[in-house]
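Worksheet for the structure shown next.
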Amino acid sequence: QVQLVESGGRTVQAGGSLRLSCTASERTFSTLVMGWFRQAPGKEREFVGLVSSGGEFKSYGDSVKGRFIIARDNAKNTVYLQMNSLRPEDTAAYYCAAGGIITGAPSQYRYWGQGTQVTVSS
């Protein structure tokens, strides 16, 4: 059982930056694909980005491409989401997830964190 804990969410002004962290409980972290998703009230969970187990492959959702960057540190069992040029529409609960395949489909991720709230004020 992999436990994931996100941190770093807060309220930030539009145009600002924020870095989220997600730390895993297991040493198997280095074998897992890590994804970031977000969900705003009344909306479906949206793919934000992912990084392969070794960090060599990354993919981003269209709405964040060019603004958000994913990185991972397998020695620390941690994945990061650097969010730049934040917009009010980025307001959502952000979740990290762990899975075995490279995909943006939430259903393919077995383990999920509890989420951290990001609010972008205009």
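Being a predicted model, the structure only gives us computed values, none of them experimental.
- No more than 12 heavy atoms of other residues, nucleotides or ligands shown are found within 6.0 angstrom of CD on Q3.
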Would you mind writing out the side-chain donor-acceptor pairs for residues 8-21 within the sub-3.5 Å range, not counting sequence neighbours?
| residue | atom | partner | partner atom | Å |
| --- | --- | --- | --- | --- |
| S17 | OG | N84 | OD1 | 3.0 |

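- In the hydrophobic clustering of this structure, V33 does not group with Y94; members are Ile, Leu, Val, Met, Phe, Trp, Tyr whose side-chain heavy atoms approach within less than 4.5 Å, directly or through other members.
- Listed by first then second residue, pairs satisfying disulfide (SG to SG under 2.5 Å) with a partner in residues 39-94 number zero, not counting sequence neighbours.
- Side-chain heavy atoms closer than 4.5 Å link hydrophobic residues (I, L, V, M, F, W, Y) into clusters, and following such links, possibly through other members, connects V2 to W36.
- The salt bridge (charged side-chain N to carboxylate O under 4.0 Å, His left out) analysis of residues 28-39, with sequence neighbours excluded, yields the pairs R38-E46, R38-D90.
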Would you tabulate the side-chain donor-acceptor contacts of residues 70-81 under 3.5 Å, counting partners in other chains and residues two or more places apart, or write 'none'?
| residue | atom | partner | partner atom | Å |
| --- | --- | --- | --- | --- |
| R72 | NE | S53 | O | 3.3 |
| R72 | NE | N74 | OD1 | 2.8 |
| R72 | NH1 | L32 | O | 2.8 |
| R72 | NH1 | S52 | O | 2.8 |
| R72 | NH2 | F29 | O | 2.8 |
| R72 | NH2 | L32 | O | 3.1 |
| R72 | NH2 | N74 | OD1 | 3.3 |
| D73 | OD1 | A75 | N | 3.1 |
| D73 | OD1 | K76 | N | 3.4 |
| N74 | ND2 | S53 | O | 3.0 |
| N77 | ND2 | E26 | O | 3.0 |
| T78 | OG1 | T23 | OG1 | 3.2 |
| T78 | OG1 | K76 | O | 2.8 |

Mind listing the side-chain donor-acceptor pairs of residues 97-110 below 3.5 Å, one per line with the distance, residues two or more places apart or on another chain?
| residue | atom | partner | partner atom | Å |
| --- | --- | --- | --- | --- |
| T103 | OG1 | A105 | N | 3.1 |
| Y109 | OH | T103 | O | 2.6 |

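- Side-chain contact check for M83 versus R67: every heavy-atom pair is 4.5 Å or farther apart.
- Residue pairs meeting the disulfide (SG to SG under 2.5 Å) criterion with at least one partner in residues 28-98, sequence neighbours excluded, are C22-C96.
- Hydrophobic cluster membership differs between Y111 and L50, with clusters built from Ile, Leu, Val, Met, Phe, Trp and Tyr side chains linked at under 4.5 angstrom.
- Sorted by first and then second residue, the disulfide (SG to SG under 2.5 Å) pairs with a member in residues 24-86 form an empty list; sequence neighbours excluded.
- Residues that satisfy the side chain to side chain donor-acceptor pair (under 3.5 Å) test with Q39, not counting sequence neighbours, are R45.
- Listed by chain and residue number, D62 satisfy the salt bridge (Lys or Arg N to Asp or Glu O under 4.0 Å) test with K65 (two or more places apart in sequence, or in another chain).
- Smallest separation of non-hydrogen atoms from Q114 and L4: OE1-O, 3.6 Å.
- For residues 27-81, no residue pair satisfies the disulfide (SG to SG under 2.5 Å) rule, not counting sequence neighbours.
- Residue pairs that meet the ring-ring contact (aromatic ring centres under 6.0 Å, His included) test with at least one member in residues 43-71, sequence neighbours left out, are F37-F47.
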